Amino acid sequence: MKKIYFTPGPSQLYPTVKKHILKALEEDIPSISHRSKMFHEMVGDLYKNLRLLFNIPENYSIFFTASATEAMERIIENCVGESSFHFVNGTFAKRFYQIAKELKKDAAAENAELGEPFDFENIKIPEKSELICITQNETSSGISIPIDEIYKIADKYPEKLVAVDIVSSVPYVNLDLNKVDCAFFSIQKGFGLPAGLGILIVSPRALAKAEELDNKNYNIGSYHKFPTMSKEAVKNQTIETPNVLAIYLLNAVLQNMLHYGIEKIRNETKDKAKLIYDFFTKNQSFGQPFVKDHLWRSNTVIVIKTPKGSKTILAKLAEHGFIVGAGYGEMKEKQIRIANFPSHSQKDITNLLNFFEKLN
Ligand SMILES: *Cc1c(COP(=O)(O)O)cnc(C)c1O
């Protein structure tokens with residue numbers, strides 16, 4: 001039976017990925033040297049396409065990491081001497097915070113109840129915080145911070161750096177990178193690719209901060225510190241042997257998406273999300289949207305509260321090839337999570353919802 005993965009990552013592969021993998025093998029991509037001209041050209045092309053898709057300012061750097069979790073660690077090391085501040089609205093935001101703690105930083109957090117908005121107006125960020133960390137789309141709870149709220153915080157604290165986790169909202173999220181200093185994602189979510197590569201976008205201000213910390217004798221890490229990564233990135237090179245296959249595949253999928261049109265992808269994502277939210281608002285016997293505030297509902301990771309438990313529903317769905325995510329962590333058996341990425345067509349979503357209807 002053909003399976004379709006609605007899991008929030010890894011997820012359903014983007015429809016062209018299998019073809020790209022075959023082509024990569026034919027072209028011996030996994031064997032080429034990362035010191036070769038072919039590789040440097042590939043990186044240059046990927047940078048160009050990333051800049052196009054995300055409107056990345058020319059003076060911002062693009063770094064490769066092994067994962068989004070690695071990006072969190074690199075950001076803390078390179079942007080924080082003493083203190084960071086974290087908006088914690090779920091497990092991934094908490095991980096960012098814990099990484100700061102583990103690196104012995106003085107990390108402060110504003111915590112929101114799971115699935116509830118932050119009261120941004122009334123939050124005071126301490127004077128000493130050098131970096132504000134925000135998880136824009138919290139994959140564990142299905143809450144998504146409206147982009148304007150992020151801009152407001154950035155404007156309110158112009159002297160602080162701002163880092164934004166956009167792992168599970170790319171490529172849908174339309175974040176103006178001019179307003180933030182670091183943004184990062186890994187490719188096994190919205191890009192529908194195999195895991196094993198992270199992309200970290202860094203402003204000149206964040207790079208300068210890393211240099212300043214380095215000069216002041218802070219430990220900003222070893223081979224993957226911003227100043228060294230930046231020196232390599234301007235030459236389309238990397239320090240270590242990177243995941244060349246993943247770089248190739250990301251570039252190929254980016255080209256597909258650019259060709260298809262990012263605006264079209266964004267509009268379709270909204271329409272598909274609406275289908276899912278409307279369905280579970282009307283058919284509450286299955287469960288209901290966990291995030292109550294419509295403005296804060298994620299359009300890419302839809303979390304449904306299942307009062308009768310998630311286990312039986314997920315098993316029945318899986319019997320018919322629909323692989324849907326369980327709740328995250330302690331919500332494992334109380335919620336289900338449905339990914340709505342560009343890999344999921346409107347027809348896939350309709351088929352899934354029709355199947356839910358039959359379950360009744
Ligand atoms: C999946 C996820 C991460 C972690 O990504 P890795 O590639 O596994 O390191 C971080 N933040 C968010 C919001 C995520 O959804």
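Everything numeric in this text was worked out from a predicted model, so none of it was measured. Every number for a ligand or one of its atoms is a count from 1 in the order of the listing.
Residues meeting the salt bridge (charged side-chain N to carboxylate O under 4.0 Å, His left out) test with Glu127, sequence neighbours left out: none.
Evaluated for a ring-ring contact (aromatic ring centres under 6.0 Å, His included) with Phe96, the options Phe87, Phe85, Phe184 yield exactly one hit, Phe184.
Under the 4.0 Å criterion applied to side-chain N and carboxylate O atoms, Asp45 and Lys48 are assigned as salt-bridge partners.
With no hydrogens or angles considered, a side-chain donor-acceptor pair links Gln136 and Ser144 at under 3.5 Å. A donor and an acceptor atom, one from each side chain of Asn256 and Tyr14, are nowhere located under 3.5 Å apart.
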Exercise answer, ligand 1 polar atom pairs (N/O) under 3.5 angstrom:
residue  : atom   : partner : partner atom : Å
ligand 1 : 7 (O)  : Ala68   : N            : 3.3
ligand 1 : 7 (O)  : Ser186  : OG           : 2.7
ligand 1 : 7 (O)  : Gln188  : NE2          : 3.1
ligand 1 : 9 (O)  : Ala68   : N            : 3.2
ligand 1 : 9 (O)  : Thr69   : N            : 2.8
ligand 1 : 9 (O)  : Thr69   : OG1          : 2.5
ligand 1 : 11 (N) : Asp165  : OD2          : 2.6
ligand 1 : 15 (O) : Thr139  : OG1          : 2.3
ligand 1 : 15 (O) : Lys189  : NZ           : 2.7

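Side-chain rings of Phe286 and Phe279 approach one another, their centers coming within less than 6.0 Å.
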